[in-house]
Structure formats: structure tokens, C-alpha cells
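Everything on this sheet refers to the single structure shown next.
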Amino acid sequence: MPRELDEDDVRVRPPRSTRPRTKSRPTHDDAVLGDVVTVDRGRYRVRVGDELVTAVRARELGRRAVVVGDRVALVGDVSGRADTLARVVRYEPRTSLLRRSPDDNDPLERAVVANAEVLVVVTALADPVPRPRLVDRCLVAAYDGGLTPLLCLTKSDLAPASELLALYEPLGVEAVVTGRGSGVEELRERVQGRKSVLFGQSGVGKSTLVNQLVPDARRAVGEVTGVGKGRHTSSSAIALALPGGGTVIDTPGVRSFGLGHVTAAGVLAAFPDLAPGAEECPVGCDHLGSSCRLDAWAAEEGTSPERLASFRRLLLSRDAPED
Ligand SMILES: Nc1nc2c(ncn2[C@@H]2O[C@H](COP(=O)(O)OP(=O)(O)O)[C@@H](O)[C@H]2O)c(=O)[nH]1
Ligand SMILES: [Mg+2]
Ligand SMILES: [Zn+2]
């Protein structure tokens, strides 16, 4: 029996160096491909065609993280029948990776979701009060991980959206506003046929939205995430197929999001309009100090000061406290 796995097994580690594959290592030409739907204490649920297959990791995978959204190769019993187990022998190259670095709340670096195209940053306009700094950090994580952010402002029946919309307008982030059933069609249009992950504080309405997008999802709504449960909840994302194509991933509430791994260059990559200006900066410029050339460049080029200020706000959000 494989050893009981814990969350250490979903830690992101640098790829093991150049040790060549031994001749005796199986190539698994007969492996079938599937998508990881949930991860639960070392057990994976993997969608293979229309079947859901339960799998464990093969020893040859080492300690590499496998997360929701990963496309994996399976061997063994892939019938999906009760009491059968397949083995995950490898995962396919990722097209994106949402990840968090260690912080005060969570000492491990974690991959959160792989291969999503869209990060839907869900924020309630009231109840719970919006936390723009957490939104900023989610945007940074999206840019760094290769996902396109989409802002979803919920509970518009409780408070107006104008202030938050104005805050994100200079960043060019697309936004949808939902409330008590309205706006869901706009959200559906944007996630249809794509792989999206819903992310945000507990209680903002993520599961409510998923239930509207996926009629048979039956996600529990209104559950409260207790203090100190971060470790437990951080691993229970679930991927659901959208009617008509695409996948939406519901995640538990995030309280914080470590971004120690994100460089200024990683954020700048999402601002191609500022990149020519940054070329005039000193090597290794953090784009925050007085030697940064971006201000002078922006003034000459007519780039809006709001855009530059918003870029800097995101840079600063990497180390700012979130509340
Ligand atoms: N007023 C209002 N309440 C909502 C709306 N959407 C969800 N809720 C409520 O907010 C609470 C948390 O919703 P839930 O979907 O569980 O949030 P999650 O923790 O982000 O998944 C529940 O009591 C929902 O009924 C909305 O548009 N307006
Ligand atoms: Mg929920
Ligand atoms: Zn600079």
C-alpha cells in the first residue's frame, strides 16, 4: 500500500535536476488522459471522458504537486467502477498555474489550480465588506500564473458597484456585476467554453454562482469557514463541467494569499503598454523608487497617471497586509 499522503505532497518544488530517466522506467504508452476534478488526502478524482476515476499517485511521480485542473496520465483500472483505483503516472505540461507562496497563515508553497484560463475574482459589494487589497493580490496571482482575471462583483442588491468598478477600470480588468440572480448571464457568456476558477473570500457568493451556472452542481451555500481552518479548506477545490462546454472550478474561501514568489517583472508582463518605458529603467528596477524612469516616460508618452499608479498599487500589494 502507498503511504497515507498529506498536503505536503501538493507542495510545489523546483523540478528535479537533470538526472536521466533510467532505462527500466516504464513509459506507460497505454496510459489514458484525464482531468483532475478534486484532490482529497492523496486521492484524486479524475474525469476521463464521461467517467469519474479514483486514483492515487504512482511512486514515480515523487513529491511533485498534482492539483485540480491538472491533466494527468493514468494507468491501472480506469473503469471508474466502485472500489477500483488507478494510478497517476505523470501530468501534462501546464498552460497556467495559480499558486501561493508561504505566508504567516500557511508555511507551504502551494499550487492551487492548474490550466485555468480565467481567474474570476469574486468580491461581494457588501456582506462581507470588500477587501480591495485582497482583490489586488488575486490580480497579481492571475498575471503571474498566466490567467486572465475577471472581476465579479456580487450582491449588487445590497450596495452599488460604481466605486469598485472605478478602482479597477485603469487596470483594464473586465468586470461583471451580479446580485440576486441578475448578471449571471453576463458571467456565463464569459466562462462558456473556457476553464475558469472562482476565487475570493468566504461568503461572497461563489457557490451560489456555481449553482446557477451548473444546474446539477448542488454546491453547499452559506457555509462559514472557521478561523484556523485554512489548511483544511485550501485543498478542496472542485471542477465542474458547464452545460454546453467549459469547466468552472469552485474554491473554498481564501483568507490570505502569499505572493513572495512574484517578481516586479512578473507583474510588468501583464502591462505590455508599460514595457517600453521599463526598458529605460536601471537594471533590476523595482519600479517603485526615485530611479524608476516610468514616470518621466509616461508623461512623455501620454500614458495615464492612473494606469501607472494602478500598476504600482499591484506591485506594492505583494507585501502589503491584506486588511
Ligand atoms: N443579498 C445577496 N446574498 C447573496 C447573493 N449571492 C449569495 N448570497 C448569499 O451569501 C451567502 C454566502 O454564499 P455562498 O455562495 O455560500 O458564498 P461562498 O462562500 O463564496 O461560496 C449565502 O447566504 C447566499 O445566500 C446575492 O447576490 N445577494
Ligand atoms: Mg462556497
Ligand atoms: Zn522602473
Side-chain angles (χ1 to χ4, degrees), residues 38 68 113 119-131 134-135 138 151-161 164 176-188 196-214 217-227 229-230 232-240 248-255 263-269 271 273-301 303 307-309 311-316:
T38 57
V68 172
V113 166
L119 179 67
V120 185
V121 182
V122 187
T123 302
L125 292 160
D127 187 28
V129 288
R131 289 169 58 192
L134 181 59
V135 174
C138 289
L151 191 60
C152 181
L153 303 176
T154 61
K155 309 199 188 185
S156 63
D157 51 306
L158 301 181
L164 274 179
V176 291
V177 180
T178 64
R180 281 275 170 251
S182 81
V184 178
E185 288 315 309
E186 281 85 347
L187 178 61
R188 189 192 305 280
S196 309
V197 49
L198 267 53
F199 211 68
Q201 289 183 79
S202 187
V204 294
K206 298 180 294 298
S207 297
T208 301
L209 291 171
V210 165
N211 286 340
Q212 287 165 315
L213 294 170
V214 184
R218 279 184 234 102
R219 299 289 293 154
V221 160
E223 81 258 47
V224 175
T225 312
V227 177
K229 286 189 181 167
H232 167 70
T233 56
S234 62
S235 64
S236 37
I238 181 168
L240 299 151
V248 62
I249 299 171
D250 192 14
T251 63
V254 281
R255 300 182 62 78
T263 62
V267 182
L268 183 67
F271 293 77
D273 55 319
L274 300 182
E279 275 169 23
E280 298 178 13
C281 289
V283 176
C285 184
D286 65 3
H287 307 307
L288 296 168
S290 55
S291 60
C292 181
R293 300 285 304 136
L294 278 172
D295 303 85
W297 175 86
E300 273 172 35
E301 296 290 315
T303 297
R307 174 103 174 134
L308 185 52
F311 165 66
R312 291 219 169 97
R313 193 181 82 223
L314 292 196
L315 283 179
L316 286 165

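Whatever order the structure lists them in is the order used to number ligands and atoms, beginning at 1.
Listed by chain and residue number, D157 satisfy the salt bridge (charged side-chain N to carboxylate O under 4.0 Å, His left out) test with R180 (two or more places apart in sequence, or in another chain). Taking the salt bridge (charged side-chain N to carboxylate O under 4.0 Å, His left out) definition, one finds that E185 meets it with R188, sequence neighbours left out.
Residue contact check for ligand 1: D157 places a non-hydrogen atom closer than 4.0 Å to it. The shortest heavy-atom distance from T178 to ligand 1 is not under 4.0 Å. The shortest heavy-atom distance from G253 to ligand 1 is not under 4.0 Å.
Distance check: R312 CZ to L274 CG gives 9.0 Å after rounding to the nearest 0.5 Å. Going from atom OG1 of T154 over to atom CG of L198 covers 10.0 Å, rounded to the nearest 0.5 Å.
Heavy-atom proximity to T208, at under 4.0 Å, picks out these atoms of ligand 1: 6 (N), 7 (C), 13 (O), 14 (P), 15 (O), 24 (C). Applying the 4.0 Å criterion to heavy atoms of K206 picks out, from ligand 1, the atoms 15 (O), 17 (O), 18 (P), 19 (O), 20 (O), 21 (O). With ligand atoms numbered from 1 in the order given, ligand 1 contributes 19 (O) to contacts under 4.0 Å with heavy atoms of S202. The G179 neighbourhood of ligand 1 comprises atoms 27 (O), with distances under 4.0 Å to a heavy atom of that residue. Those atoms of ligand 1 with a heavy atom of L158 less than 4.0 angstrom away are 1 (N).
Close N/O approach between D250 and ligand 1 is not found [any backbone or side-chain N/O within under 3.5 Å]. Close N/O approach between G181 and ligand 1 is not found [any backbone or side-chain N/O within under 3.5 Å].
For the pair V135/P130, no side-chain contact is recorded, criterion being any heavy-atom separation below 4.5 Å from C-beta on. Side-chain contact between R219 and L240 is present, with heavy atoms from C-beta onward closer than 4.5 Å. Proximity of P160 to L125: side-chain heavy atoms (C-beta onward) are nowhere separated by under 4.5 Å. Looking only at side-chain heavy atoms (C-beta outward), V197 and L119 come within less than 4.5 Å of each other. In this structure, the side chains of L268 and F311 come closer than 4.5 Å at one or more pairs of heavy atoms.
At a threshold of 2.8 Å, the Mg ion (ligand 2) has no backbone or side-chain N, O or S atom of T208 nearer than that distance.
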Residues 277-290, side-chain donor-acceptor partners within the protein, below 3.5 Å, at least two apart:
| unit_1 | atom_1 | unit_2 | atom_2 | d |
| --- | --- | --- | --- | --- |
| D286 | OD1 | L288 | N | 2.9 |
| D286 | OD1 | G289 | N | 3.3 |

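Taking a cut-off of 2.8 Å, the protein N, O or S atoms nearer than that to the Zn ion (ligand 3) are C281 SG, C285 SG, H287 ND1, C292 SG.
Taking every heavy atom of both residues into account, A217 and N211 meet most closely at CB-OD1, 3.7 Å.
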